[in-house]
Amino acid sequence: MLRLLQLFKGKIDYLLRGMYFYVWDTSISNCENQPHNYLFLQIENFEELDKLEAKDVDKNLFKSRFEQGHFYCCLTTSTNVIVSSGWINYATNHLVGELDLKLNLPHKIEFLYDFRTNESHRGLGLYPILLKQISKRNDKIKLIYSLSANGSSRRGIQKAKFKFLTTCFGFNAYKMNKIIANYVKNNN
């Protein structure tokens, strides 16, 4: 009985957990060039990662994501230390793990997810710089999300000139897929 109550509580937590979704504002044309003192890199396979000082890397997770066609982007110091990083999903589906939400995506979308900035480099504005560097690479629609409780992530996303798209709670894949499809349809 206790196990059943724990499972039920877990499902309720998912339903109450809010996620904010944002879309890149393609009208932004004056992105910064290469950030001062940092190098922007797009890494497309696991072997390229060996050139960098990647601390606390879950090798199995990284290999799995690379095998799925996801790209890893980062800002590094001149000594190849990764200071801010995140992932790009080009695939036609994306799992928002925080909501256990599987989204079906048109080919015209890149989903940005799982961003981190080293504690020693927080407060320097690197997260929005990294998002802008990623977003200006091509003209594809970029989507990103943040838990409603993560205020610093939301502020960084907004500083990078992403526009609020919608809020999603729990297992509402139908709603999110419809919103994404309508956005793509209206913005081609």
Peer 1: Relative to each other, are the rings of Phe66 and Tyr72 parallel, tilted or perpendicular (30° and 60° limits)?
Peer 2: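 Rings of Phe66 and Tyr72: perpendicular, as their planes differ by over 60°.
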Peer 1: For the CD1 atom of Ile179 and the SG atom of Cys168, what is their distance to the nearest 0.5 Å?
Peer 2: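 Between Ile179 CD1 and Cys168 SG, I get 7.0 Å after rounding to 0.5 Å.
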Peer 1: If you take all heavy atoms of Ser84 and Thr117, which pair is closest and at what distance?
Peer 2: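 Between these two residues, the closest heavy atoms are OG-OG1, 2.9 Å.
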Peer 1: Can you confirm whether Arg65 sits close enough to Asp114 that some side-chain heavy atom of one is under 4.5 Å from a side-chain heavy atom of the other?
Peer 2: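 Contact flag for Arg65/Asp114 side chains = yes.
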Peer 1: To the nearest 0.5 Å, what is the distance between OG1 (Thr167) and CE (Met176)?
Peer 2: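 One gets 9.5 Å once the value is rounded to the nearest 0.5 Å.
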Peer 1: Once rounded to the nearest 0.5 Å, what's the spacing between atom CD of Gln158 and atom CZ of Arg154?
Peer 2: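 Going from CD on Gln158 over to CZ on Arg154, the span is 7.0 Å.
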Peer 1: Please round to the nearest 0.5 Å and tell me the distance separating atom OH of Tyr127 and atom NZ of Lys159.
Peer 2: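 NZ of Lys159 is found 11.5 Å from OH of Tyr127.
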Peer 1: Supply the atom-to-atom distance Cys74 SG to Ile43 CD1, rounded to the nearest 0.5 angstrom.
Peer 2: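 Reported value, rounded in 0.5 Å steps: 4.0 Å.
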Peer 1: Rounded to the nearest 0.5 Å, how far apart are CD of Glu110 and CG of Asp139?
Peer 2: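 Reported value, rounded in 0.5 Å steps: 10.0 Å.
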Peer 1: So, applying side-chain contact (heavy atoms from CB on, under 4.5 Å) with Leu143, which one of Leu165, Leu103, Leu112 is it?
Peer 2: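 Going through the options one by one, the only one that passes is Leu165.
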Peer 1: On the 0 to 90° scale, with breaks at 30° and 60°, tag the Phe111-Tyr145 ring pair as parallel, tilted or perpendicular.
Peer 2: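 Aromatic pair Phe111/Tyr145 classed tilted.
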Peer 1: Check step by step if side-chain contact (heavy atoms from CB on, under 4.5 Å) holds for Val81 and Thr76.
Peer 2: CA-CA 5 Å; Val81 175; Thr76 67; over 6 Å; no
Peer 1: Could you walk me through whether Asn150 and Ser148 pass the side chain to side chain donor-acceptor pair (under 3.5 Å) test, one step at a time?
Peer 2: CA-CA 6 Å; Asn150 191 343; Ser148 57; over 6 Å; no
Peer 1: Assert yes or no for the condition that the ring centre distance of Tyr113 to His94 is strictly below 6.0 Å.
Peer 2: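 Between Tyr113 and His94, the centre distance is under 6.0 Å.
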Peer 1: Below 4.5 Å, heavy atoms only, C-beta onward: do Ile88 and Arg137 meet side chain to side chain?
Peer 2: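 Of all side-chain heavy-atom pairs linking Arg137 with Ile88, at least one is under 4.5 Å.
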